[in-house]
Amino acid sequence: MSKTMTQVSSRGVLSALMGDAGWRDYYQVTKPKVVMLLLLTALVGACLAVNGLPSAGLLLAAMIGIGLMSSGAAAYNHLLDREIDARMMRTRGRPLVRGQLTAMRCFSFATLISVLGFAVLALWVNMLTAWLTAVSLVGYALIYTLYLKRATPQNIVIGGLAGAAPPLLGWTAMTGNVDPHSLLLVLIVFTWTPPHFWALAIHRRDDYAKVNMPMLPVTHGVAFTKTCILLYTVLLGLVCLLPYLTGMSHELYLLGSSLLNGAFLYYAWRLKFKANSGDAMATFKFSIVHLMLLFIILLTDHYLLA
Ligand code: HEM
Ligand SMILES: CC(C)=CCC/C(C)=C/CC/C(C)=C/COP(=O)(O)OP(=O)(O)O
């Protein structure tokens with residue numbers, strides 16, 4: 001059957017826009033698994049901000065806006081890191097390194113979805129959330145990626161604030177203001193980030209050393225980094241008590257978070273004192289399960305016991 005003019009022309013426009021890149025290349029630069037966990041924390045922040053169920057339309061708009069801007073931040077990170085990504089084992093298969101996606105197309109894509117996300121938040125959520133999300137995007141894509149990451153071993157402690165913002169963004173999307181309880185959720189993710197990343201950084205120490213990236217295992221050694229992971233994991237356990245102690249969460253959360261933090265502490269202790277070769281990556285992978293389950297327990301506790 002002959003193709004209609006519209007099919008040919010629309011396909012022509014699409015291929016002109018995408019070039020050699022397939023949709024998978026654009027999808028990959030958004031760091032989808034990271035953004036999905038970020039959105040889970042934003043969803044929980046939104047649900048804990050209200051009694052009962054949040055407005056479905058408002059929640060949908062917030063998730064779309066925050067998701068688009070987080071994806072845009074990740075795409076800018078791929079663009080700005082493409083030179084070092086080409087030299088590291090872990091990242092050398094990325095779309096811009098392979099040449100599947102050009103820098104200009106990645107920049108255009110990142111800008112398009114970031115602007116779209118800001119517009120959704122500004123038009124259908126509120127300006128506070130739109131601006132807070134924009135600040136998080138700049139914090140991660142520029143301040144962390146372009147400066148902190150290359151400047152100091154404390155890069156991810158400070159840069160972690162951007163990735164810890166989503167629970168606050170979900171909360172302000174529902175209420176239009178910054179509640180102290182929402183900052184507790186930010187503090188949990190902020191405290192979780194160093195053990196999360198430093199475990200991976202231990203495993204990838206040689207990669208980061210090769211590109212002169214001042215990650216803690218490179219600047220201060222693996223033993224010191226393991227001690228910092230253990231100390232931050234203890235701190236995380238204490239910080240996770242705050243939602244219960246302030247009355248935001250209840251016994252179900254206290255039990256669940258204590259079990260999860262006990263497990264995280266075991267991983268961090270084993271990494272420090274009884275490490276085998278795969279323990280750093282096992283700790284990194286557990287950190288992701290830990291944060292996901294922690295926020296699911298926060299949500300369950302809110303609806304079962306609030
Ligand atoms: C400055 C803060 C952070 C740093 C430096 C960091 C670092 C990293 C790195 C280097 C990876 C491996 C990525 C890869 O090899 O493709 C990773 C994976 C991941 N991170 Fe983080 N992270 C941070 C914050 C967060 C936050 C806040 C979340 C979610 C709330 C998160 C969730 C994840 C997830 C789900 C993965 C697995 C991605 C995959 O398997 O594709 N990270 N992180
Ligand atoms: C709007 C908003 C909430 C923005 C922040 C969202 C965001 C995408 C956070 C990403 C956290 C993360 C995986 C950082 C790793 O960057 P890296 O450059 O150290 O990792 P890489 O070497 O794997 O690229």
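Computed from a prediction, not measured in an experiment: that's the story for all the values here. Order of appearance sets the numbers: ligands from 1, and atoms from 1 within every ligand. When reading the values below, keep in mind they use all heavy atoms of this one structure, side chains included, and skip hydrogens, waters and symmetry mates.
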If you round to the nearest 0.5 Å, how far is [atom2] of [Y] from [atom1] of [X]?
X      : Y      : atom1 : atom2 : answer
Leu112 : Arg105 : CG    : CZ    : 13.5 Å
Arg92  : Asp207 : CZ    : CG    : 8.5 Å
Ser258 : Leu241 : OG    : CG    : 6.0 Å

Structural part of [X] in contact with ligand 1, heavy atom criterion under 4.0 angstrom:
X      : value
Tyr144 : side chain
Thr91  : neither
Gln28  : neither

For Lys272, give me all partners under side-chain hydrogen bond (donor to acceptor under 3.5 Å, both in side chains), at least two apart in sequence or on another chain.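 Lys272 satisfies side-chain hydrogen bond (donor to acceptor under 3.5 Å, both in side chains) with Thr227 only.
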
Using distance alone, with no hydrogens and no angle criterion, decide if Thr111 and Tyr76 have a side-chain donor and acceptor under 3.5 Å apart.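 Looking only at side-chain atoms, Tyr76 and Thr111 do form a donor-acceptor pair, the distance falling under 3.5 Å.
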
If we count only N and O atoms by modelled type, under 3.5 Å, do the side chains of Tyr144 and Asn155 hold a donor and an acceptor together?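 Side chains of Tyr144 and Asn155: no pair found under 3.5 Å.
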
Treating Thr30 as the side-chain partner and Tyr27 as the backbone partner, does any N or O pair qualify as donor plus acceptor under 3.5 Å?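 Between the backbone of Tyr27 and the side chain of Thr30 there is a qualifying donor-acceptor contact (under 3.5 Å).
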
Taking side chain to side chain contact (heavy atoms under 4.5 Å, CB included) as the criterion, tell me which of Leu121, Asp179, Thr129 meets it with Thr172.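 Answer after filtering Leu121, Asp179, Thr129: Thr129.
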
Hey, quick one: are Leu260 and Leu235 part of the same hydrophobic cluster, counting side-chain heavy atoms closer than 4.5 Å, chains of contacts allowed?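 Cluster IDs for Leu260 and Leu235 match.
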
Specify the protein heavy atom at minimum distance from [atom]: its residue, its atom name, and the distance to 0.1 Å.
atom                    : result
atom 18 (C) of ligand 1 : Phe284 CZ, 3.4 Å
atom 7 (C) of ligand 1  : Phe197 CD1, 3.4 Å
atom 2 (C) of ligand 1  : Thr193 CG2, 3.3 Å
atom 30 (C) of ligand 1 : Leu291 CD2, 3.4 Å
atom 36 (C) of ligand 1 : Ile288 CD1, 3.6 Å
atom 16 (O) of ligand 1 : Arg94 NH2, 3.3 Å
atom 12 (C) of ligand 1 : Arg90 NH1, 3.7 Å
atom 39 (C) of ligand 1 : Lys33 CD, 3.7 Å

Any chance you could lay out the salt bridge (Lys or Arg N to Asp or Glu O under 4.0 Å) test for Arg98 and Asp25, step after step, and finish with the verdict? CA-CA 10 Å; Arg98 292 195 333 264; Asp25 296 308; 3.0 Å; yes

Pick one: which of Lys285, Lys226, Arg270 meets salt bridge (Lys or Arg N to Asp or Glu O under 4.0 Å) with Asp279?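 Per the salt bridge (Lys or Arg N to Asp or Glu O under 4.0 Å) rule, the option paired with Asp279 is Arg270, out of Lys285, Lys226, Arg270.
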
Which of the ligand 1 atoms, numbered from 1, are nearer than 4.0 Å to a heavy atom of [X]:
X      : value
Gly163 : 27 (C)
Ile156 : 5 (C)
Leu38  : 27 (C), 29 (C), 30 (C)
Leu200 : 9 (C), 10 (C)

N or O pair under 3.5 Å between His196 and ligand 1: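 Among all N and O atoms of His196, at least one is under 3.5 Å from an N or O of ligand 1.
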
Is Trp192 close to ligand 1, meaning an N/O of one under 3.5 Å from an N/O of the other?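 Checking ligand 1 against Trp192, no N or O pair falls under 3.5 Å apart.
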
Which heavy atom in Asp301 sits nearest to a heavy atom in Glu251, and how many Å separate them?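 Minimum heavy-atom contact is OD2-N, 4.0 Å.
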
Can a salt bridge be assigned to the pair Asp81 and Arg94 using a cut-off of 4.0 Å between side-chain N and carboxylate O?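 Looking at Arg94 together with Asp81, the answer is no, because their closest N to O distance does not fall below 4.0 Å.
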
Any chance the rings of Trp192 and Phe264 have centres within less than 6.0 Å?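 Trp192 vs Phe264: aromatic centres not under 6.0 Å.
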
Near ligand 2, at a heavy-atom separation below 4.0 Å: residues by chain and residue number: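 For ligand 2, the contacting residues are Lys31, Val34, Leu38, Ser70, Ala73, Asn77, Asp81, Arg90, Arg94, Thr133, Ser136, Leu137, Tyr140, Tyr144, Lys149, Ala162, Pro166.
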
